Number of protein chains: 2
Amino acid sequence: MKPLSIGQLAKAAGVSVETVRFYERKGLLPKPRRSASGYRQYSEESVRRLRFVQRAKDVGFTLGEIGELLALRTEPNASCADVRARAATKIALIDEKLTALSRMKRALGQLAERCTGEGPVSGCPILDALETDEGKHDANS
Amino acid sequence: MKPLSIGQLAKAAGVSVETVRFYERKGLLPKPRRSASGYRQYSEESVRRLRFVQRAKDVGFTLGEIGELLALRTEPNASCADVRARAATKIALIDEKLTALSRMKRALGQLAERCTGEGPVSGCPILDALETDEGKHDANS
DNA sequence: ATAAACCCTAAAGCTTACTTCAGGGTCAAG
DNA sequence: CTTGACCCTGAAGTAAGCTTTAGGGTTTAT
């Protein structure tokens, strides 16, 4: 079967050629076979691997963590529980962010609600609220 | 009310002294008044400001975006409508982040749900799910 | 009055995740 | 057989967000 060039692999996975080589240096992709002239040769397996990295990244894992996940796969002593624990940690972190983000949205939303959008900035309820809630100009008393 | 030293401010807001000075350079904190000997003097307002920055950061805003949020207060020639539009933009951005995070959480949660935490890593539903997209089993090498 | 604890500045360094650069080889098409 | 698209390497650069380093003053307690 025809091997993929680095460009074809990159295109298939939706990343840049440089990113592929970068991931290889980082150990996220195994060192591929080379053609007689030194060109990297990839298989469909590599496309899957690269997509795995992308998906894991989308889901909030750092490249380092993804490397660990990939390493877990080939360690016979690793348990499924290890992988699950990592996912649980990420979920807890995501929950924290969700909570904080909701608070932030609510705060900003309440400010915008009070603003008619009319008149000069001097009477803007948003600014008023931000000044009383979040701090005035830095004079102290 | 006695002013806070940079160390007291940092402690009160849970950041390092260096971070405070860094934020000042970045314009996220106004340049504070100085004592006769050049020491920075802060008020409680600064504590709130610094905490606001931390919360916004936790929620995924970049320091640049946080600067914009803070700038809502002091837009010199902006109409109230301008200010409101900025707030609305930020809210839309928050919504995007909320959506992305929810998706992320749901994806990870579904994976973890299917994982018993027992057995070896081979056959881990999390890794399987991350790997799988179209061609499930491996083809070549 | 001396030592610990704090404060100051400017500038360099670090981590993550890439991208760009400099300087070349290789391959398919015309 | 030359041109343009691709590929190679190693190294430097980028952006965000801090931290560390280097070299000094200041405050406070004993």
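Treat the numbers as computed from the prediction; the structure is a model and nothing was measured. As a basis for the values below, the full set of heavy atoms in this structure was taken, side chains included, without hydrogen atoms, waters or symmetry mates. Chain A is the first sequence line, chain B the second, and so forth, proteins listed ahead of strands; every chain is numbered from 1.
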>> More than 12 heavy atoms of other residues, nucleotides or ligands under 6.0 Å from NZ of B/Lys97: yes or no?
In response: yes
> Does A/Lys105 NZ have over 12 foreign heavy atoms under 6.0 Å away?
Replying inline: no
Working to the nearest 0.5 angstrom, can you tell me the gap between [X] [atom1] and [Y] [atom2]?
{"X": "B/Leu70", "Y": "B/Phe52", "atom1": "CG", "atom2": "CZ", "value": "5.0 Å"}
{"X": "A/Ser35", "Y": "A/Arg33", "atom1": "OG", "atom2": "CZ", "value": "10.5 Å"}
{"X": "B/Ile94", "Y": "B/Glu65", "atom1": "CD1", "atom2": "CD", "value": "9.5 Å"}
{"X": "B/Leu9", "Y": "B/Leu29", "atom1": "CG", "atom2": "CG", "value": "7.0 Å"}
{"X": "B/Glu96", "Y": "B/Ile91", "atom1": "CD", "atom2": "CD1", "value": "13.0 Å"}

> Which angle, to the nearest 10 degrees, lies between the helix axes at the two ends of the helix from C/dA1-D/dT30 to C/dG30-D/dC1, each defined by five pairs?
Replying inline: 10°
To the nearest Å, how far apart are [X] [atom1] and [N] [atom2]?
{"X": "B/Leu4", "N": "D/dT27", "atom1": "CG", "atom2": "C1'", "value": "17 Å"}
{"X": "B/Gln8", "N": "D/dT27", "atom1": "CD", "atom2": "P", "value": "14 Å"}
{"X": "B/Arg33", "N": "C/dC7", "atom1": "CZ", "atom2": "C1'", "value": "18 Å"}
{"X": "A/Gln41", "N": "D/dC8", "atom1": "CD", "atom2": "P", "value": "10 Å"}
{"X": "A/Leu29", "N": "C/dC18", "atom1": "CG", "atom2": "C1'", "value": "14 Å"}
{"X": "B/Ile6", "N": "C/dC8", "atom1": "CD1", "atom2": "C1'", "value": "9 Å"}
{"X": "A/Lys31", "N": "D/dT9", "atom1": "NZ", "atom2": "P", "value": "9 Å"}

Output one line per pair: protein atom, nucleotide atom from nucleotides 15-19 of chain D, and distance, for all N/O pairs under 3.5 Å.
{"residue": "D/dG17", "atom": "OP1", "partner": "B/Leu63", "partner atom": "N", "Å": "3.4"}
{"residue": "D/dG17", "atom": "OP2", "partner": "B/Leu63", "partner atom": "N", "Å": "3.0"}
{"residue": "D/dC18", "atom": "OP1", "partner": "B/Lys57", "partner atom": "NZ", "Å": "3.1"}
{"residue": "D/dC18", "atom": "OP2", "partner": "B/Tyr23", "partner atom": "OH", "Å": "2.7"}
{"residue": "D/dT19", "atom": "OP2", "partner": "B/Ser16", "partner atom": "OG", "Å": "3.0"}
{"residue": "D/dT19", "atom": "OP2", "partner": "B/Thr19", "partner atom": "OG1", "Å": "2.6"}

>> Under 4.0 Å, heavy atoms only, any strand: does B/Arg40 hit a base, just the sugar-phosphate, or nothing?
In response: sugar-phosphate
Just the atom pairs and distances: protein N or O near nucleotides 26-28 of chain C's N or O, under 3.5 Å.
{"residue": "C/dT26", "atom": "O4'", "partner": "A/Tyr39", "partner atom": "OH", "Å": "3.1"}
{"residue": "C/dC27", "atom": "OP1", "partner": "A/Ser37", "partner atom": "OG", "Å": "2.9"}

> Taking the side chain as C-beta and beyond, is there a heavy-atom pair between B/Tyr23 and B/Ile66 under 4.5 Å?
Replying inline: no
>> Minimum heavy-atom separation for B/Arg49 and B/Gly27, please, with both atom names.
In response: NH2-O, 4.5 Å
>> So, OP1 or OP2 of D/dT20: does either fall under 4.0 Å of a side-chain N or O from B/Arg21?
In response: no
>> Could you see if A/Leu63 belongs to whatever hydrophobic cluster contains A/Val17? Use Ile, Leu, Val, Met, Phe, Trp, Tyr and a side-chain cutoff under 4.5 Å.
In response: yes
>> Go through it in stages, so that I can follow the logic: the residues are B/Arg48 and B/Glu45, the test is salt bridge (charged side-chain N to carboxylate O under 4.0 Å, His left out), and I'd like the CA-CA distance, side-chain angles, deciding distance and then a yes or no.
In response: CA-CA 5 Å; B/Arg48 282 194 290 275; B/Glu45 306 297 336; 2.6 Å; yes
